[in-house]
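Here's the structure, in structure tokens; my notes come after.
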Amino acid sequence: MRYDQLTDSQRRAVFHIEGPLLVLAGPGSGKTRVITYRIAALIDSGVRPYNICAITFTNKAADEMRQRVFALGTAAGAHISTFHSLCVRILRRYAAQAEIRSNFSIYNKTDQSRCIKQAVKDCNLDTANFRPARMLDAISTLKNKLIDVAQLKADADDFFSQTLAKIYGRYQQILSEANAVDFDDLLMRTASLLQNCSGICTELGERFKFLLIDEYQDTNHAQYKIAKALVSQHSNICATGDPDQSIYRWRGADIRNILAFENDWPEATIVKLEENFRSTPNILEAADRLISFNENRKQKKLIATRPQGSDVVISTVEDELQEAEAVALRVKELSDEGASLNDMAVFYRVNAMSRVLEEAFIRNKIPYQIVRGVEFYGRKEIRDLLGYLKVLVNPNDEIALLRVINTPARGIGKTTIDKVRAYGSAHNITLFEALEKAAGIDSLSKAPKAKIAVFVSLIKQFKKDTEAKVAPLAQRVFVESGLQQALQVLGIDGLDALENVNELINSAAQYDTQTEEPSLIDYLQQIALFSDVDSYDRSRGAVALMTLHAAKGLEFENVFIIGVEDGLLPHERSYSPHNDDEEEIEEERRLFFVGITRAKTALNISCAQYRTIRGQMLRTIPSPFLFELGIEITEPEAGDSAAQDYLHDSIAKFRPDQLVRHKTFGLGRVKVFIDMGDDSIVVVRFNTGQTKSLMVKYAGLSQQ
DNA sequence: CTGAAATTTTTTTTT
DNA sequence: AAAATTTCAG
């Protein structure tokens with residue numbers, strides 16, 4: 001009875017129980033609903049929830065899927081997570097066979113970058129010729145293709161590959177000494193575990209009798225291999241996705257996985273979902289015309305089911321300031337007409353574009369949220385506290401140890417650390433072990449030895465608590481490590497940081513209550529896999545600002561896509577000097593397609609004539625994609641449109657304690673504001689220590 | 001050893 | 001323009 005609302009093709013996907021199934025689902029085709037109902041149908045047909053594994057693209061999507069399944073009234077217990085989370089679970093469970101200790105650290109970009117620099121240095125190579133970022137990229141590509149060091153060494157036939165093999169080898173060695181893995185390792189290690197240990201492969205195949213993978217167009221080779229291994233006994237795989245929405249090629253996603261599904265599983269049933277229940281015909285026509293310019297694709301229809309709506313608007317504006325102002329004004333209008341801010345979003349190609357928007361939203365007093373969750377965990381104070389926690393769980397984690405050993409400053413400087421490291425590598429022990437034996441290191445004088453001893457005992461004190469709940473321990477570490485005091489003495493400058501740490505401890509407390517068996521290991525491994533959209537809260541009554549990539553899988557009544565200019569979308573880097581030009585341009589086109597198809601009823605696209613890029617105001621060229629939409633482009637109105645006026649007709653007002661930024665003095669806080677219309681004066685105390693009285697009209701202060 | 005200042009580098013998207 | 005890194009002064 002509860003399946004009544006499904007269309008025929010959705011029904012076919014939902015009730016296909018046994019054997020391989022590929023659901024080619026266009027945007028807005030109710031794919032998520034199909035997956036949810038399919039899980040329910042499986043359970044209705046007698047499958048135990050325990051035997052179902054659904055893989056989503058983000059943690060957020062996994063959370064929502066769990067809630068949806070729960071809302072259908074089916075028994076809980078199906079495993080629903082991202083590929084990476086699943087791999088963490090598997091690697092922890094079969095740590096011994098995977099040749100890893102289960103308390104492994106997961107290294108992010110910053111950590112990886114430290115390791116690769118060390119690796120290049122250890123190989124006696126110059127970081128100018130072997131750019132760390134490029135090396136990491138190359139290694140990531142190799143890992144996604146499941147090429148390990150030994151294989152690269154065997155295949156390397158030119159100088160670059162041979163050198164890369166050396167760096168790769170050393171990099172892996174550094175990670176393994178730190179008992180750490182990077183994101184790609186999670187997949188690669190799981191893939192090789194499944195390949196080399198047939199017992200484990202069988203065991204997991206029996207556990208997960210039904211595998212569902214969403215966003216299959218964005219799986220990479222490693223994920224493909226893992227999926228294949230998991231279903232090797234029963235072939236109960238259901239992949240859902242849309243080749244036209246593949247936007248992660250640069251990260252190793254291989255669109256061939258979805259295009260060649262029928263080759264892998266010749267008996268596969270294929271269901272196409274071409275009806276679109278999301279967008280108005282206007283929007284769909286634009287999307288369809290755009291994507292049809294891609295050569296490399298399978299024909300697919302976009303069938304509109306909604307009645308015709310308003311036109312898609314493409315407007316040209318003077319520069320990014322006016323673009324942002326125009327968006328803000330339109331948001332206000334819509335909001336005044338009764339539209340919900342929750343249901344509006346602005347998409348852009350690069351994160352740097354959010355700043356101007358943010359200022360416009362603040363100026364217009366419109367609530368907004370920038371969807372960038374990982375940024376929170378990148379803050380200094382957060383990484384410092386997490387650094388301590390990581391050391392507690394995994395004392396081999398040298399990156400974390402080096403981070404916290406002298407944070408807050410406790411007189412253990414570079415020279416001291418270098419001596420201890422030298423001792424450590426000479427005696428083939430880890431840095432932490434060397435610190436424990438610091439008293440016996442001859443090259444150290446008395447003072448540093450004492451300081452090290454204090455640090456070591458501090459860590460050992462904390463360690464007694466690692467089995468308990470996370471939040472109290474985090475709180476204790478924050479206080480007793482001296483981090484809290486270091487922030488408190490900063491006074492007003494440390495308030496934001498203190499606030500952030502509080503937020504972290506709160507979220508840890510939430511983890512403690514929501515998780516069945518909370519543990520510090522699990523907590524750290526989970527937050528390492530946090531993604532941008534995971535922080536998005538649709539109920540916050542705020543307009544969402546995010547990159548086009550983050551927009552994947554979401555939908556909004558009103559969508560704005562800004563900066564549709566050549567060099568930005570398509571991004572200049574996709575006109576790479578080397579190979580595959582067309583492939584990359586097509587991916588950019590798909591990215592635009594994804595953005596457009598998020599819109600339910602109104603879509604505003606804009607393109608500025610000038611844009612400030614890296615501090616320089618440059619003339620732009622409209623994106624070639626704009627002309628592919630088949631929509632007339634609105635030129636900027638001559639004279640005084642509302643958007644052009646805001647800079648001239650209103651002198652900004654400030655209030656005491658407000659944060660402002662000055663071009664040369666930097667950040668400061670308003671002490672006094674004297675409102676005299678055009679001649680208003682503002683007194684600001686800058687972080688440099690100086691206090692200045694400025695004429696508002698000349699100061700060029702930006703509100704923070 | 002520390003913190004500030006000067007210099008250099010990097011500039012797409014992110015699980 | 002912002003971030004990362006190195007150098008410098010105390």
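Order of the sequence lines fixes the chain letters, A, B, ..., with proteins taken first and strands second; residue numbering starts at 1 for each chain.
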Taking any heavy-atom pair under 4.0 Å as a contact, classify Thr612(A): base, sugar-phosphate, or nothing. nothing
Evaluate the side-chain proximity of Ile412(A) to Val420(A): yes if any heavy-atom separation is below 4.5 Å, no if none is. no
May I have the distance from Arg372(A) (atom CZ) to dT14(B) (atom P), rounded to whole angstrom? 6 Å
Could you state the CD-C1' distance from Glu358(A) to dA1(C), rounded to the nearest angstrom? 16 Å
For Phe530(A) and for Thr416(A), locate the closest nucleotide of DNA chain B by heavy-atom distance; then report the residue assigned to the nucleotide nearer the 5' terminus. Thr416(A)
Side chain of Arg355(A): nearest nucleotide among dA2(C), dT12(B), dG3(B)? dA2(C)
Donor-acceptor side-chain pairing of Glu587(A) and Ser574(A) below 3.5 angstrom: no
Evaluate whether the aromatic ring of Tyr248(A) and the six-membered ring of the dT14(B) base sit under 5.5 Å apart, centre to centre, with an inclination under 30°. no
Of the candidates dT14(B), dT2(B), dT5(C), the side chain of Lys117(A) sits closest to dT5(C)
Does Thr82(A) have a side-chain nitrogen or oxygen under 4.0 Å from the phosphate oxygens OP1 or OP2 of dT15(B)? no
To the nearest Å, give me how far apart CZ (Arg89(A)) and P (dT15(B)) are. 20 Å
In whole Å, I'd like the distance from the CZ atom of Phe57(A) to the P atom of dT15(B). 7 Å
Phosphate OP1/OP2 of dT12(B): any Ser574(A) side-chain N/O under 4.0 Å: no
Starting at the 5' end of DNA chain B and moving along, which residue's nearest nucleotide shows up first, His549(A) or Asn406(A)? Asn406(A)
Within the 4.0 Å heavy-atom criterion, would you say Arg590(A) contacts the bases, only the backbone, or no part of the nucleic acid? nothing
Which whole-number value in Å describes the distance from Leu568(A) CG to dT12(B) P? 11 Å
Salt-bridged, Arg249(A) to Glu584(A), with N to O below 4.0 Å? yes
Should Thr547(A) be listed as having a side-chain N or O under 4.0 Å from OP1 or OP2 of dT12(B)? no
Please report the distance, rounded to the nearest Å, between CG in Asn351(A) and C1' in dA1(C). 15 Å
Nearest-Å distance, CZ (Arg249(A)) to C1' (dT12(B))? 14 Å
Distance check needed: dT12(B) C1' versus Glu588(A) CD, whole Å only. 8 Å
Is the side chain of Glu588(A) donor-acceptor paired with the backbone N or O of His571(A) at a distance under 3.5 Å, no angle test? yes
Who is the Watson-Crick or G-U wobble partner of dT5(C), with both distances under 3.5 Å? dA6(B)
Could you say whether the aromatic ring of His84(A) and the base of dT15(B) stack, counting only centre distances under 5.5 Å and plane angles under 30°? no
Any donor-acceptor pair under 3.5 Å linking the side chain of Asp111(A) with the backbone of Ile399(A)? no
Has the side chain of Arg573(A) got a donor or acceptor atom sitting under 3.5 Å from an opposite partner on the base of dT13(B)? no
Nearest to the side chain of Lys109(A), which nucleotide is it out of dT12(B), dT14(B), dT15(B)? dT14(B)
Mind checking who dT12(B) pairs with, Watson-Crick or G-U wobble, both distances under 3.5 Å? none
Given the C1' atoms of dT12(B) and dT5(C), what is the spacing between them in whole Å? 23 Å
Please determine if Arg349(A) forms a cation-pi arrangement with Phe592(A), meaning its NZ or CZ atom is less than 6.0 Å from the six-membered ring centre and no more than 45° off the ring axis. no
